Amino acid sequence: MKDLLSLTYDELLDFVTDELCEKRFRADQIFTWLHKRRVKDFSGMTDLSKALRERLSKVALLNYPVIIKKLSSKLDGTVKYLFSMADGERIEAVLMRYNTGLSVCLSSEAGCPMGCAFCASAINGKSRDLTAGEVLSELYMIEDDCGERVSHAVLMGTGEPLDNYDNVISFLRIVTDERGQDMSGRNITLSTCGIVPNIKRLSDEGLPITLALSLHSPIQEEREKIMPIARVYPLPDVIDACRYYFEKTGRRVTMEYSLIKGVNDRDEDIKALSVLLKDFPCHINLIPVNPVKEAVFKAPERQEVIAFQKKVEKYGINVTIRRELGRDIEGSCGQLRNAKA
Ligand code: SAH
């Protein structure tokens, strides 16, 4: 059975013309039904002949997850969704309200294989990759549920997007397709722990999205202690890959920096940051580390976070502090998990 929601427009066109032996315009019709008009079954595709609809239901499937739980933050209106996928796998995604519009934080894998010490997503490892259609359907189900258009997306839920490269690229191509959701690439951020070869591949895809690197420490041996992937891809290589991304796309890279008291908030970290990022047009996004019950890390006090920001800015580096959303529903960075029932 062909998983239609995971097909880019070009792949759908091949499927329709080569495998179904139908005319090209049928691909446009199906793509529009799926990604613009959002019907969830073939019977709703009323401009296709009944015979074609019946054929489709025999050779293709439409896999939508089910929303099984919804938690709304009383602090800021953030909503965390728990989905059950077709095979029963459970994943989480988050809807956030900004003045610039609605944004979703999407999961790219069920669980995460990367093992970062401070992150809840890593606790049970990875169960499996998500398909392009599954990532997309997190967004579609959320739009359906809230009844509003979502203009921004961040691939910052569970999983490492560059560990599920092909499916994530298909997702990006489909979600930015003007025949469908038509989300602006500029409104999409992909966050990675630093998988060097795939940062380079992404640079060459011609997708105008923002890349965010989970930096978290500018000192190689300290980074290795909290992020196992650092042993595979050392910092100089990771930063080189980010420079390559900037050269190819012209887009500034965001450096995510989860501030952990006593671990990466010291003066020597600031000094090392200034050396590592010298002359690189990037921007640092500070995230006071969020509590994860299995981890022991503590965030510095608010004044300490601001002091850190000021000291780094003295080196001419742009630093912002991430607004914390959904903390009361465990919907903040690093708090999403491969939730079991
Ligand atoms: N695997 C990708 C996508 C996850 S994005 C990546 O590593 O970038 C989630 C962001 O939140 C990452 O920058 C991650 O390192 C950070 N994060 C994880 N746990 C956190 C925590 N407890 N507090 C604050 N940020 C955290």
Side-chain angles (χ1 to χ4, degrees), residues 80 91-94 96 103-126 129-130 135 138 152-165 167-168 171-172 188-196 198-199 202 209-218 222-230 232-233 238 241-242 245 253-261 263-265 282-300 305 308 320-327 329-338:
K80 182 166 81 167
I91 61 153
E92 296 184 319
V94 178
M96 297 163 290
S103 179
V104 282
C105 174
L106 304 175
S107 292
S108 56
E109 298 181 313
C112 185
M114 294 300 152
C116 298
F118 42 82
C119 183
S121 304
I123 288 163
N124 295 316
K126 167 167 115 173
D129 289 333
L130 296 182
V135 182
E138 295 171 48
H152 292 64
V154 294
L155 283 162
M156 297 192 185
T158 62
E160 165 50 47
L162 297 187
D163 176 57
N164 183 16
Y165 190 84
N167 291 347
V168 165
F171 159 75
L172 292 169
I188 302 175
T189 301
L190 181 152
S191 177
T192 178
C193 59
I195 301 188
V196 168
N198 287 349
I199 294 177
L202 181 68
I209 61 168
T210 299
L211 177 70
L213 173 74
S214 293
L215 179 60
H216 306 322
S217 172
E222 299 298 327
R223 193 165 185 262
E224 283 179 16
K225 288 186 199 154
I226 50 176
M227 300 179 71
I229 192 70
V232 185
Y233 302 113
V238 177
C242 291
Y245 189 84
V253 176
T254 298
M255 299 287 161
E256 295 165 284
Y257 200 96
S258 298
L259 262 187
I260 310 173
K261 200 176 173 68
V263 173
N264 61 5
D265 65 342
C282 62
H283 133 251
I284 298 182
N285 196 215
L286 291 179
I287 319 163
V289 76
N290 289 307
V292 169
K293 59 176 179 291
E294 295 83 349
V296 291
F297 300 116
K298 295 266 173 302
V305 176
F308 185 92
T320 50
I321 301 174
R322 188 173 293 182
R323 232 181 98 205
E324 192 174 58
L325 295 173
R327 194 166 181 165
I329 52 169
E330 292 201 347
S332 299
C333 305
Q335 295 184 313
L336 302 192
R337 15 183 114 225
N338 187 200

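Keep in mind it's a predicted model, so treat the numbers as computed, not measured. Whatever order the structure lists them in is the order used to number ligands and atoms, beginning at 1. Values reported hereafter were calculated over all heavy atoms of this structure, with side chains retained and with hydrogens, waters and symmetry mates removed. Sequential numbering from 1 along the given sequence is applied to the chain's residues.
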Give a yes or no answer on whether the side chain of S107 reaches the backbone of A93 with a donor-acceptor pair at less than 3.5 Å. no
To check your reading of the model: name the closest protein heavy atom to atom 9 (C) of ligand 1, its residue, and the distance in Å. M156 O, 3.7 Å
Close-contact set for ligand 1 against C193 heavy atoms, below 4.0 Å: 6 (C), 7 (O), 8 (O)
Nearest neighbour in protein (non-hydrogen) for atom 11 (O) of ligand 1: C333 CB, 3.4 Å
Does some non-hydrogen atom of G159 fall short of 4.0 Å from ligand 1? yes
Side-chain touch Y165/L202, heavy atoms, less than 4.5 angstrom: yes
Compute the shortest N/O to N/O distance between C112 and ligand 1 and return yes if it is under 3.5 Å, no if not. no
Mind checking whether T189 and T254 have side chains closer than 4.5 Å, heavy atoms only? no
Where's the contact between V289 and ligand 1, heavy-atom distance under 4.0 Å: side chain, backbone, both or neither? both
Distance filter under 4.0 Å to S214 heavy atoms, resulting ligand 1 atoms: 6 (C), 7 (O), 8 (O), 12 (C), 13 (O), 14 (C), 15 (O)
To which of C119, A122, S108, G157 does the heavy atom nearest atom 4 (C) of ligand 1 belong? G157
Would you say I123 and K293 make side-chain contact, with heavy atoms under 4.5 Å? no
Salt-bridge test for R322 and E256: reply yes if a basic N is under 4.0 Å from a carboxylate O, no otherwise. yes
Starting from atom 23 (N) of ligand 1, locate the nearest protein heavy atom and write down its residue, its atom name and how far away it is, to 0.1 Å. N290 N, 2.8 Å
Do R337 and E330 make a side-chain contact, defined as non-hydrogen atoms from C-beta onward lying under 4.5 Å apart? yes
Any heavy atom of H216 closer to ligand 1 than 4.0 angstrom? yes
Do S108 and L130 touch side chain to side chain, with heavy atoms closer than 4.5 Å? no
Counting each atom of ligand 1 from 1 as listed, which ones have a heavy atom of V292 under 4.0 Å away? 22 (N)
If we number the atoms of ligand 1 from 1 as shown, the ones under 4.0 Å from a heavy atom of S258 are 16 (C), 17 (N), 24 (C), 25 (N), 26 (C)
What protein heavy atom sits nearest atom 10 (C) of ligand 1, and how far away is it? E256 OE2, 3.9 Å
Kindly indicate whether the side chain of V253, heavy atoms from C-beta on, has any atom under 4.5 Å from the side chain of M255. yes
Counting from 1 in the order shown, the ligand 1 atoms closer than 4.0 Å to a non-hydrogen atom of E160 are 1 (N), 2 (C), 6 (C), 7 (O)
Contact region, T192 to ligand 1, non-hydrogen atoms below 4.0 Å, reads backbone
